[in-house]
Amino acid sequence: MTEKSIRVRFAPSPTGGLHLGGVRTALFNYLFAKHHNGKFILRVEDTDQNRFVEGAEQYIVSCLEWCGITTDESPNTGGEFGPYRQSERKSRYRKYAEELIEKGFAYYAFDTPAELEKMREQYKSEANPSPQYDSKIREKMNNSLTLSSAEVQERLTNKEPHVIRIKMPASTDVTLHDMIRGEVSFSTDQVDDKVLLKGDGMPTYHLAVVVDDYEMKISHAFRGEEWLPSAPVHVLLWEYLGWKNEMPQWAHLPLILKPDGQGKLSKRDGDRLGFPVFAMDWTDPKTGEITKGFKELGFLPEAFINMLAMLGWNDGSGEEIFKLNSLVEKFSVERIHKGGAKFDFEKAKWFNHEWIKRSKTDRLLPLVEKVLAENKIQASSALLSELIPMVQERCVLLSDFHTQLAYFFIDPITIDTDSISPKWNESKHDFFNSWKTGLEGLTDWSTATIEQSFKDAAEQAGIKPGELQLPFRIMLVGAKFGPPVFEIAARIGKASTLRRIDNSLALLKA
RNA sequence: GGCCCGUUGGUCAAUCGGUUAAGACGCCUCCCUUUCACGGAGGAAUGAGGGGUUCGAUUCCCCUACGGGCUACCA
């Protein structure tokens, strides 16, 4: 048995933002390839000129880069099996389609869109709500099977618009082995004569995927489960073109479903339920509309791919946190789930929180600097490096670093006096007023000395320190969160501390 | 409608004929902490239904139900 070298491909079409499911398909392809020391190829399926969206291809590349999914061959970087953009391969497809016609496995069809529409109307019935261009119907249409060869020749020389359709055999079972689902078989009676080459000379997905997988020597083809119904067409094409022995192994991935209700997760669900569906922000070049992505929302790519990998796969150990290289090491197709998984944004956030907690300061530093800069807060890297470990366990999203860190740099904008005013009284007011003097006299401004001074003053005032700690926190932070108060006081310095006490005291008096 | 795929707690899921049916998220209780978070200890919560096969089915088979996908000159 000859060992074919492992080559897989992620083949998105550049029609807009890159969906969660798309990234997961890319990821599984990548994990499989790298686990077997194979190649991961990016192939752009831009055969539909109507759906082509400017910038979408570069956006997809950027998403993969952000995720750390590197390509071995792609439109940008090239490779020995290029071009990797189907539009640039246009000229190669027609000859295969015509070869199929010669062999009797395909035919020319001259039906206009209107005629097809009419056909569907005509044959539509209760029993058959969606009539197909199949072995029965093709007898009634305008194609090289029904027209005389002279007329076909004439129409062809007149450059009459036409497509090439596969001629599905009658009553044959097509069986394929799916790495995830095992044997799956279909009756050819159920599948229609798919268009292989479109009127504009571009191939459809069906022809292109087979030709390109063959020419690019793809060994394993991973794609979403939505492709399963058309798989028999592809299998037949591999056979008809005489490449059966080189056909890749198929693997149809389960779908990612809506969290509520049912159905495939879509961009709309994200908008509706308030979470991203795209990997990164996507700006529609026509409308200018921006759709939020995981990256910009504050996800770490490590968390994003980790979460995606666990949606439909696990290593069986119960461990859920994996780095990309561990995923590569552990990945196995056998452990991919068969059933679809509902997307759970809460769990996605948990992954991110875990990754933020576990990340080294250096990893977080540039990202945190960016978040702060976006909020007009300048901070030195040295200071931030000390601050990050103090707050990272409190951040679920990178954007949380802003709220968790802002008060180290600027006085709180809102003071949650409601939390302290119910228990506020004259003696507490007096305490802070007099403690200020004590603080002013502190020569060594450190967490320990501030805390000691606080305790001493509290004792002198006859108030339990615990009752004064929350007020102090509210004064410095503005709300009930953050690291130990005295550490905060130590960091923000004497002047800021005193100023914030004064500001709050003024508010509490009123 | 037809075809195909799927079905373990609310969600992600382990189990590859014999278990008190893991673990995680979320939720609840408690501890730690006079903030928040982290951490720790507990808790509630699962094999769609019906037939087989078997000494024994969550696990294998069939039927039903339910869910999903596909049914374009879109991918």
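Below, read A as the first sequence line, B as the second, and so on, with proteins coming before strands; counting in each chain starts at 1.
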**OP:** With heavy atoms under 4.0 Å as the rule, sort Ser130(A) into base, sugar-phosphate or nothing.
**Re:**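 Answer is base: heavy atoms of Ser130(A) come under 4.0 Å of a base.
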Original post:
So, is the end of the Arg24(A) side chain (NZ or CZ) under 6.0 Å from the ring centre of Phe28(A) and within 45° of the ring's axis?
Top reply: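 Yes, cation above the ring, under 6.0 Å and within 45°.
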For [X], which residues count as a side chain to side chain contact (heavy atoms under 4.5 Å, CB included) partner, sequence neighbours excluded?
| X | result |
| --- | --- |
| Lys464(A) | Glu467(A) |
| Glu386(A) | Arg491(A) |
| Pro483(A) | Met390(A), Val391(A), Arg394(A), Tyr407(A), Phe408(A), Ile488(A) |

Listed pairs, N/O of protein and of nucleotides 30-33 of chain B, under 3.5 Å:
none

**OP:** Please confirm whether any donor atom in the side chain of Lys194(A) sits under 3.5 Å from an acceptor in the base of A72(B), or the reverse.
**Re:**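 Counting by modelled atom types and ignoring angles, no donor-acceptor contact under 3.5 Å is found here.
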**OP:** Please determine, for the side chain of Glu45(A), which listed nucleotide (A75(B), G68(B), A13(B)) has the closest atom?
**Re:**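 Among the listed nucleotides, the one closest to the side chain of Glu45(A) is A75(B).
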Original post:
Of all the choices, C74(B), C25(B), U11(B), which nucleotide is nearest to the side chain of Trp350(A) once you look at every atom?
Top reply: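 My answer, after comparing the listed nucleotides, is C25(B).
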Subject >> Nucleotide-resolved protein contact map, nucleotides 36-44 of chain B, B/S/- at heavy-atom distance under 4.0 Å >> reply: BBSS-----
Original post:
Applying ring-ring contact (aromatic ring centres under 6.0 Å, His included), which residue pairs with at least one partner in residues 176-207 of chain A are found, sequence neighbours left out?
Top reply: Tyr205(A)-Trp227(A), Tyr205(A)-His234(A), His206(A)-His234(A)
Original post:
Restricting to pairs with a member in residues 110-129 of chain A, which pass salt bridge (Lys or Arg N to Asp or Glu O under 4.0 Å), not counting sequence neighbours?
Top reply: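 Qualifying pairs, neighbours excluded: none.
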**OP:** Could you name each residue pair satisfying salt bridge (Lys or Arg N to Asp or Glu O under 4.0 Å) that touches residues 182-200 of chain A, not counting sequence neighbours?
**Re:** Arg138(A)-Asp193(A), Asp192(A)-Lys194(A)
**OP:** Let me know which of Tyr240(A), Tyr96(A), Trp238(A) forms a ring-ring contact (aromatic ring centres under 6.0 Å, His included) with Phe105(A).
**Re:**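 Output: one option passes, namely Tyr240(A).
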**OP:** By nearest nucleotide on RNA chain B, pick out whichever of Glu183(A) and Leu257(A) is the more 5' one.
**Re:**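 First, find each residue's nearest nucleotide; the 5'-ward one identifies Glu183(A).
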Subject >> Ala479(A) vs Glu346(A), nearer the 5' end of RNA chain B by closest nucleotide >> reply: Glu346(A)
Original post:
For the pair made of CG in Leu228(A) and P in G69(B), what is the distance, rounded to whole Å?
Top reply: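 Taking atom P of G69(B) as the reference, CG of Leu228(A) is at 14 Å.
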**OP:** Mind telling me whether Phe275(A) and Phe345(A) have parallel, tilted or perpendicular rings, with 30° and 60° as the class edges?
**Re:**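 The arrangement is parallel - the two ring planes meet at less than 30°.
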Original post:
Tell me, what's RNA chain B's dot-bracket, Watson-Crick or G-U with both distances under 3.5 Å, | for other-strand, [ ] crossing?
Top reply: (((((((..(((.....[....))).(((((.......)))))....(((((..]....))))))))))))....
Subject >> A75(B) phosphate, OP1 or OP2, under 4.0 Å from Lys198(A) side-chain N/O >> reply: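 Indeed, a polar side-chain atom of Lys198(A) lies that close.
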Original post:
Is the phosphate of A14(B), meaning OP1 or OP2, less than 4.0 Å from a side-chain N or O of Asn314(A)?
Top reply: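 Result: yes.
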**OP:** Residues of residues 406-417 of chain A with any non-hydrogen atom less than 4.0 angstrom from an atom of RNA chain B: list those, numerically ordered, please.
**Re:**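 None - not one residue of the stretch has a heavy atom sitting under 4.0 Å from the strand.
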Subject >> Results of ring pair (Phe, Tyr, Trp, His ring centres under 6.0 Å) for Phe409(A) - residues two or more places apart only >> reply: none
Subject >> Arg500(A): side-chain hydrogen bond (donor to acceptor under 3.5 Å, both in side chains) partners, not counting sequence neighbours >> reply: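 Listed in chain order: Asp411(A).
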Original post:
Is Glu302(A) paired with Arg358(A) through a side-chain N to carboxylate O contact shorter than 4.0 Å?
Top reply: no
